[in-house]
2 protein chains.
Amino acid sequence: MNDAPPDHALRGNVFSEHCPSREVLKHVTSRWGVLLLVALGDGAQRFGELRRRVGGISEKMLAQTLVWLEQDGFVQRIVQSAAPPRVEYRLTPLGEEISGKMAELADWLENNLGAMLAAQQKTPGTQIAGV
Amino acid sequence: MNDAPPDHALRGNVFSEHCPSREVLKHVTSRWGVLLLVALGDGAQRFGELRRRVGGISEKMLAQTLVWLEQDGFVQRIVQSAAPPRVEYRLTPLGEEISGKMAELADWLENNLGAMLAAQQKTPGTQIAGV
DNA sequence: CGGTATCCTGACCGATACTG
DNA sequence: CAGTATCGGTCAGGATACCG
């Protein structure tokens with residue numbers, strides 16, 4: 001098939017309230033979406049592997065988030081057998097791209113965590129009470 | 001005073017459930033956090049400007065998200081006057097970096113939106129691996 | 001203009017139990 | 001192992017009203 005759709009035919013605008021890109025943005029930046037995309041960047045992995053790797057995720061949210069990412073075209077679900085259920089999740093080419101970006105973000109965050117924690121401890125010039 | 005070389009002294013791990021990086025990640029990937037960081041990438045802007053630019057944001061969440069970003073050290077709040085209140089928000093050097101990454105993400109998303117919408121309309125493609 | 005405080009809803013999300 | 005179903009809590013987030 002001609003799997004090169006006209007990406008240029010349509011351009012989103014995340015600043016526009018009703019742009020469909022908002023929905024995708026919501027999925028990839030969701031609490032677990034970003035972590036799953038980064039984790040899958042290392043290659044196809046099984047349900048249980050992902051569950052163990054992403055600290056704190058519940059089965060429900062793992063399944064839910066994988067569905068989102070699959071529907072958006074970032075992840076492909078591959079059933080390898082059925083006797084003992086064996087399912088793998090792997091990034092699509094589209095998913096590889098966004099995974100790379102999220103990995104960059106995560107990596108930068110991990111490296112600069114010190115600076116942020118330092119910032120958090122400084123006396124806020126304008127503090128809002130009760131936040 | 002100069003007892004702060006924290007950047008390399010501490011490295012986070014987003015996969016770890018209780019790592020403080022999770023909190024920062026939550027802020028920057030929050031519904032409005034990513035959009036505000038991208039918007040502020042164009043330069044310092046006022047409250048009302050941001051409100052108008054980011055479609056759908058409420059005053060409460062604008063203020064709230066700005067507080068988060070300020071506390072994490074990404075945004076600086078600058079009061080220029082008090083007669084007619086004039087407040088500007090601008091990225092710190094730290095904020096510039098992460099803003100750039102989020103802008104890349106948003107840009108990629110906008111450009112590839114067509115591919116994602118196409119994926120969403122296809123029948124869920126669970127594959128039986130003949131690999 | 002640039003916020004702040006309060007109330008309220010809905011969704012995200014976790015815990016648990018159950019299925020194939 | 002890989003989920004699905006259900007219940008319920010917490011909290012992001014919206015609406016409104018008010019202040020400097």
Side-chain angles (χ1 to χ4, degrees), chain A residues 17-18 22-36 39-40 44-71 75-90 124-131, chain B residues 17-18 22-36 39-40 44-72 75-90 124 126-129:
Chain A
E17 185 172 2
H18 299 296
R22 280 279 180 97
E23 197 64 21
V24 180
L25 184 67
K26 194 173 179 179
H27 297 160
V28 303
T29 62
S30 71
R31 181 169 181 190
W32 306 113
V34 41
L35 296 178
L36 283 178
L40 286 169
Q45 281 158 86
R46 303 178 59 181
F47 190 89
E49 287 178 300
L50 290 169
R51 179 156 160 60
R52 264 172 265 116
R53 177 141 181 219
V54 179
I57 196 171
S58 67
E59 288 183 2
K60 176 180 171 179
M61 290 317 297
L62 177 51
Q64 173 73 71
T65 309
L66 285 171
V67 168
W68 286 337
L69 296 179
E70 190 187 354
Q71 287 178 345
V75 167
Q76 186 167 16
R77 188 172 181 271
I78 304 174
V79 180
Q80 291 189 339
S81 158
R86 180 180 180 90
V87 182
E88 277 195 357
Y89 295 88
R90 71 153 49 185
T126 317
Q127 176 69 295
I128 297 179
V131 177
Chain B
E17 185 171 0
H18 299 295
R22 280 279 180 99
E23 197 63 22
V24 181
L25 185 65
K26 194 173 177 175
H27 297 160
V28 303
T29 63
S30 70
R31 179 168 182 191
W32 306 112
V34 41
L35 295 177
L36 282 178
L40 287 168
Q45 280 156 89
R46 301 177 63 179
F47 190 89
E49 288 178 301
L50 290 170
R51 178 156 160 62
R52 265 172 267 117
R53 175 143 184 217
V54 179
I57 196 171
S58 66
E59 288 183 1
K60 174 183 171 181
M61 290 317 298
L62 176 52
Q64 168 79 284
T65 308
L66 284 171
V67 169
W68 286 337
L69 296 179
E70 187 187 358
Q71 287 178 344
D72 290 337
V75 167
Q76 186 168 11
R77 187 172 182 274
I78 304 174
V79 179
Q80 289 189 340
S81 158
R86 180 182 178 89
V87 183
E88 278 194 355
Y89 296 89
R90 70 154 47 188
T126 299
Q127 293 248 331
I128 311 297

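Residue numbering restarts at 1 for every chain, and letters A, B, ... go by the order of the sequence lines. Values below: all heavy atoms of this structure, side chains included; hydrogens, waters and symmetry mates excluded. Model, not experiment: these values are computed from the prediction.
Atom CD in Glu59(B) sits about 15 Å away from atom C1' in dT6(C), given to the nearest Å. When rounded to the nearest whole Å, the span between CG of Leu66(A) and P of dC13(C) equals 14 Å. Rounded to a whole Å, the CD atom of Gln45(A) is 16 Å from the C1' atom of dC1(D). At whole-Å resolution of the value, CD1 in Ile78(A) and P in dG3(D) are 12 Å apart. We find that CD of Glu70(B) is positioned 13 Å from C1' of dG3(C), with the value rounded to whole Å. Atoms CD (Glu88(A)) and P (dC1(D)) sit 14 Å apart, rounded to a whole Å. Per the geometry, CG belonging to Leu36(A) stands 11 Å off P belonging to dC13(C), to the nearest Å. Glu49(A) places its CD atom 11 Å from the P atom of dC1(D), with the value rounded to the nearest Å.
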*Using the side-chain contact (heavy atoms from CB on, under 4.5 Å) rule, take Leu25(A) and Val34(B) through it: C-alpha gap first, then chi angles, then the decisive distance, then the call.*
CA-CA 9 Å; Leu25(A) 184 67; Val34(B) 41; 4.2 Å; yes

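Taking both residues in full, the closest heavy atoms of Thr65(B) and Ser30(B) are given as CG2-OG, 4.3 Å, listed atom of the first, atom of the second, then distance.
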Below 3.5 Å, can you tabulate the donor-acceptor pairs from side chains in residues 52-63 of chain A to any protein atom, sequence neighbours excluded?
unit_1: Arg53(A); atom_1: NH1; unit_2: Ala39(A); atom_2: O; d: 3.3
unit_1: Arg53(A); atom_1: NH1; unit_2: Asp42(A); atom_2: OD2; d: 3.1
unit_1: Arg53(A); atom_1: NH1; unit_2: Gln45(A); atom_2: OE1; d: 3.3
unit_1: Arg53(A); atom_1: NH2; unit_2: Asp42(A); atom_2: OD2; d: 2.6
unit_1: Ser58(A); atom_1: OG; unit_2: Met61(A); atom_2: N; d: 3.2

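Applying the ring-ring contact (aromatic ring centres under 6.0 Å, His included) criterion to Trp32(A), with sequence neighbours excluded, gives no partner residue. Residues meeting the salt bridge (Lys or Arg N to Asp or Glu O under 4.0 Å) test with Glu49(A), sequence neighbours left out: none.
Residue Arg77(A) has a polar side-chain atom (N or O) positioned under 4.0 Å from OP1 or OP2 of dG3(D). A close approach under 4.0 Å does not occur between any side-chain nitrogen or oxygen of Tyr89(A) and OP1 or OP2 of dC1(D). In this model, the phosphate group of dG3(D) is not approached by any side-chain N or O of Arg51(A) to a distance below 4.0 Å at OP1 or OP2.
Positionally, the nearest nucleotide of DNA chain D for Pro84(A) lies more toward the 5' end than for the other of Ala63(A) and Pro84(A).
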What are the atom names and distances for every N/O pair under 3.5 Å that joins the protein to nucleotides 8-14 of chain D?
unit_1: dG13(D); atom_1: N7; unit_2: Lys60(B); atom_2: NZ; d: 3.1
unit_1: dG13(D); atom_1: O6; unit_2: Lys60(B); atom_2: NZ; d: 3.1
unit_1: dG14(D); atom_1: OP1; unit_2: Arg31(B); atom_2: NH1; d: 3.2
unit_1: dG14(D); atom_1: OP2; unit_2: Ser58(B); atom_2: OG; d: 3.3
unit_1: dG14(D); atom_1: O6; unit_2: Lys60(B); atom_2: NZ; d: 2.2

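If you check every strand for non-hydrogen atoms under 4.0 Å, Pro85(B) touches a base.
Screening residues 23-35 of chain A for salt bridge (Lys or Arg N to Asp or Glu O under 4.0 Å) gives no qualifying pairs among residues at least two apart or on separate chains.
With Leu36(A) as the fixed residue, the side chain to side chain contact (heavy atoms under 4.5 Å, CB included) test singles out one of Val75(A), Leu69(A), Val28(A): Leu69(A).
Between His27(A) and Trp68(A), the two ring planes are parallel [angle under 30°; tilted spans 30° to 60°].
For the helix from dC1(C)-dG20(D) to dG20(C)-dC1(D), the terminal axes (five pairs an end, C1' atoms, rotation from four pairs onto the next four) enclose an angle of 50°, given to 10 degrees.
No salt bridge links Glu88(B) with Arg90(B); every basic N to acidic carboxylate O contact stays at or beyond 4.0 Å.
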